[in-house]
There are 2 protein chains.
Amino acid sequence: MSTGVEASRRATAPTSPGRVGDVRRRNLSLILHQLGLSGQTTRARLAADTGLTKASVSSLVADLVSAGLVMEVGLNRAAERGRPGLGVALNTAAAALGLEINVDYMAAGVLNLAGDLQFHQVVEQHNAGKDPEEVLGRLTELAGQALQQAEAAGLTVHAGGLAVPGLVDTASGRVLNAPNIGWRNVDIAEWAASLVPEGILGTAVFNEANSAALAELWYGHGRGMGNYLFISGEVGIGGGIIIDSGLFAGPGGNAGEIGHIVVDPEGPECSCGGSGCLERYAGQDAVFVRAGIEGGNDAERMAALLEALEDGDEQALAAVRRAGHYLGVAASSTFRLLDIDAAVLGGNFATLERWITPAFHASVEEHAPAVLAADDVVVSGLGRQAALMGAAGSRIRTVIEHPHLLLKQH
Amino acid sequence: MSTGVEASRRATAPTSPGRVGDVRRRNLSLILHQLGLSGQTTRARLAADTGLTKASVSSLVADLVSAGLVMEVGLNRAAERGRPGLGVALNTAAAALGLEINVDYMAAGVLNLAGDLQFHQVVEQHNAGKDPEEVLGRLTELAGQALQQAEAAGLTVHAGGLAVPGLVDTASGRVLNAPNIGWRNVDIAEWAASLVPEGILGTAVFNEANSAALAELWYGHGRGMGNYLFISGEVGIGGGIIIDSGLFAGPGGNAGEIGHIVVDPEGPECSCGGSGCLERYAGQDAVFVRAGIEGGNDAERMAALLEALEDGDEQALAAVRRAGHYLGVAASSTFRLLDIDAAVLGGNFATLERWITPAFHASVEEHAPAVLAADDVVVSGLGRQAALMGAAGSRIRTVIEHPHLLLKQH
DNA sequence: AGAATTAGTTTTCAACATGAACTATATGGT
DNA sequence: ACCATATAGTTCATGTTGAAAACTAATTCT
């Protein structure tokens, strides 16, 4: 007697036929997924944990081993009676390349199947207004170094992911509009295709905030949270919506743009053409102006703001409190609209944590009381690795969800 | 060479093993889904449309016929050469019961697999503050009449769906909080279980606005839209988010509560405990007060408002324009946040269409320019049938997505 | 009447997970 | 030492499933 759960957690009806082979694809993925949860384990335990039979697990694991996704790691002493199992684990030699282009830096790193960031390099560099070809050229170099290191360490890089601060069309590999670096309708599919020579899965483009939101979910403080709004304070304000332990990307793949929620219908015009957007109240520039901080590049101004806050400068404190207040307004609306009850703050908001979260909390309590528990606001600990790890992690997930793409036979 | 679509349209990794039999379940559903699109067709065309082989289609259709979900409808003259196909179609004798409890009426109807509303009855009745047992008792009577009519017409009612104006827990069959009828934490699972005697799928509870949003998608003006925000103006303001032709229900099943988006951070307190909520600006009571309409029940006041608007009463016009303006603020935020670009207005907002949509459009153009095309705001035509059809339709979808539940053997 | 064309069924086959039987390797008690 | 017991992993027969191809059926065109 069901009361209809299946109708609320909607799984849309299939539009393509199921083949017998789909079952194996699903179970290959299931094994990888379970290995991600269990770490090192044995075939017998995998069978018990997944509900598959021992026979099936053995067969599936054999395929995954020959695809280089799973490795055998000697005996697994269970310290109990019976024959000890042979240890199996995700193959740490399988990896994905993660890249990020941001306003004042670019970064590259290599993430293995188990989620360990193996190499990571950040290059400070101003990318705003630069020619995309030039920026991509330098990124190619940086990626090449990372790939070389990976190869030297015996890793196989199966895919790449690039995070950029703006709207992207992941499907076609284009950056639609990245205002903060001045890119508009840049097609990087061709560039991406040649980037990872061995990676038969190619290189995909992602939105920076969405990538960071996923990085928190998989590798950061969002682990185990399942549902939250990630708010990224870079030059603009980005966001990522995590629902049921997955990204809610929206129909076009660009949901989560919390920076252009209207927080005051009578508010000032925004660069997006609208008015009263959150970004005009809690964006980096808005806060600097309110705090009376002038001159220097972004990093210098942020340093000056932090110093002023440490010194108890009333103008700086008020500016940050105001940002937190409006951030809370936008978050309240989002919580109510999407039925979620937690937030993760990243980017500058993580840096400003001490001063911004009290105002944020108070504002949410005012506008959407009883939604947020005290410990449901978490601050990112991933820093500048977040977007890059999310982009690479998305590709790792692609491998975990579609391992059959890497099987030799067929 | 993929650029990673599969990573953006996230399909979370499986957590349960796939069996060979799952393939058939999926293909049974695929056939029903295609029949819903095609109407009457033939096995050969089904094979061409779905990608399955003719042999598989024949076998699947045979199962569905014996389950009473598909019927053969004589020859299908194609007016071309070759052997004519045997017509097959969704069995119009398979149906679901739809029910709605609202503030000042309750309704019942029976919807068949093809989406035709067979019986439909509305009873004007004030339910606010009444004892749930009493209301459910009267609804049982109404449902009984509908079921009797259905039986007399030879229909088989497989499941039921009830829409209520408030937060529900569909999984456990409870109404968590329905402020406008005064229900709080009412467990109706037991009542629901005994409602549809033959229906082995039971009766499920849904949120009224979400149900109405789905009704628009399947049977109303939302057909073919795929992505939109449905805004329901009843006593409160509800909403439903349709993404990729499915309901985005959120983690708890109650997403879409657009009525409590903050449209003015300095705004008045709301009954929800927050402040500046949309409902305080565009809710029924707020509009009546602004328009200077007093006395009478809701229906009478709405009639008075419409008369005043027709007469060109400036106060009434301003009140409705103001509601449209703030509705546009909340919609703008939603569009940006969720990356959607269309809206469907239902309930009172459909009634007030002529006066409210110009202000709505202007407001969206001001706060989120270039998001909305002129023809991307649509008005519901389903009226009081919307919620009921959505609730029944959700159960019809359950059958279409899980037809194996109704197969005799196994 | 016969060729052409389309619909639908039957037959054969390969992929796949299951379940049971079997082999392999450990521990613990006597 | 030896054997019962327990656990790990493999082998093999079986049932379900859709694909592919051959086949039968029904209609139109010439």
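Chain letters run A, B, ... following the sequence lines, proteins first and then strands; every chain starts at 1. Small disclaimer: the values here were computed from a predicted structure and weren't measured.
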Could you state the interatomic distance from CG (A:Leu407) to CZ (A:Arg24), rounded to the nearest 0.5 Å?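 Taking CG in A:Leu407 and CZ in A:Arg24, the distance rounds to 8.5 Å.
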Would you give the length of the straight line joining atom NE2 of A:His33 to atom CG of A:Asn27, rounded to the nearest 0.5 angstrom?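 So the gap between those two atoms works out to 13.0 Å.
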Taking all heavy atoms of [X] and all of [Y], pick out the closest pair and write down the distance.
| X | Y | answer |
| --- | --- | --- |
| A:Gly36 | A:Leu90 | CA-CD1, 3.8 Å |
| B:Ala215 | B:Gly390 | CB-N, 3.6 Å |
| A:Gly87 | A:Gln40 | CA-NE2, 4.1 Å |

Candidate list B:Leu69, B:Leu405, B:Leu113, test side-chain contact (heavy atoms from CB on, under 4.5 Å), partner B:His158, passing option: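 Single side-chain contact (heavy atoms from CB on, under 4.5 Å) partner of B:His158 among B:Leu69, B:Leu405, B:Leu113: B:Leu69.
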Check: protein-nucleotides 14-18 of chain C nitrogen or oxygen pairs below 3.5 Å:
unit_1: C:dA17; atom_1: OP1; unit_2: A:Asn27; atom_2: ND2; d: 3.0
unit_1: C:dA17; atom_1: OP2; unit_2: A:Arg24; atom_2: NH1; d: 2.5
unit_1: C:dT18; atom_1: OP1; unit_2: B:Arg19; atom_2: NE; d: 2.8
unit_1: C:dT18; atom_1: OP1; unit_2: B:Arg19; atom_2: NH2; d: 3.4
unit_1: C:dT18; atom_1: OP2; unit_2: A:Thr53; atom_2: N; d: 3.2
unit_1: C:dT18; atom_1: OP2; unit_2: A:Thr53; atom_2: OG1; d: 3.2
unit_1: C:dT18; atom_1: OP2; unit_2: A:Ser56; atom_2: OG; d: 3.0

Could you write out each protein N or O paired with an N or O of nucleotides 25-27 of chain D at a distance under 3.5 Å?
unit_1: D:dA25; atom_1: O4'; unit_2: B:Arg83; atom_2: NH1; d: 3.4
unit_1: D:dA25; atom_1: N3; unit_2: B:Arg83; atom_2: NH1; d: 3.3
unit_1: D:dA26; atom_1: N3; unit_2: B:Arg83; atom_2: N; d: 3.3

Rounded off to whole Å, could you give me the [atom1]-to-[atom2] distance for the [X] and [N] pair?
| X | N | atom1 | atom2 | result |
| --- | --- | --- | --- | --- |
| A:Leu46 | D:dT10 | CG | P | 12 Å |
| B:Asp49 | C:dA7 | CG | P | 11 Å |
| B:Ile31 | D:dG18 | CD1 | C1' | 12 Å |
| A:Arg45 | D:dA6 | CZ | P | 19 Å |

With the threshold set at 4.0 Å, does a side-chain nitrogen-carboxylate oxygen contact exist between A:Arg25 and A:Glu401?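 Result for this pair is no, no salt bridge flagged.
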If you look only at pairs with a residue in residues 29-40 of chain B, which of them pass as a salt bridge (Lys or Arg N to Asp or Glu O under 4.0 Å), with sequence neighbours excluded?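 Pairs touching residues 29-40 of chain B that pass the test: none.
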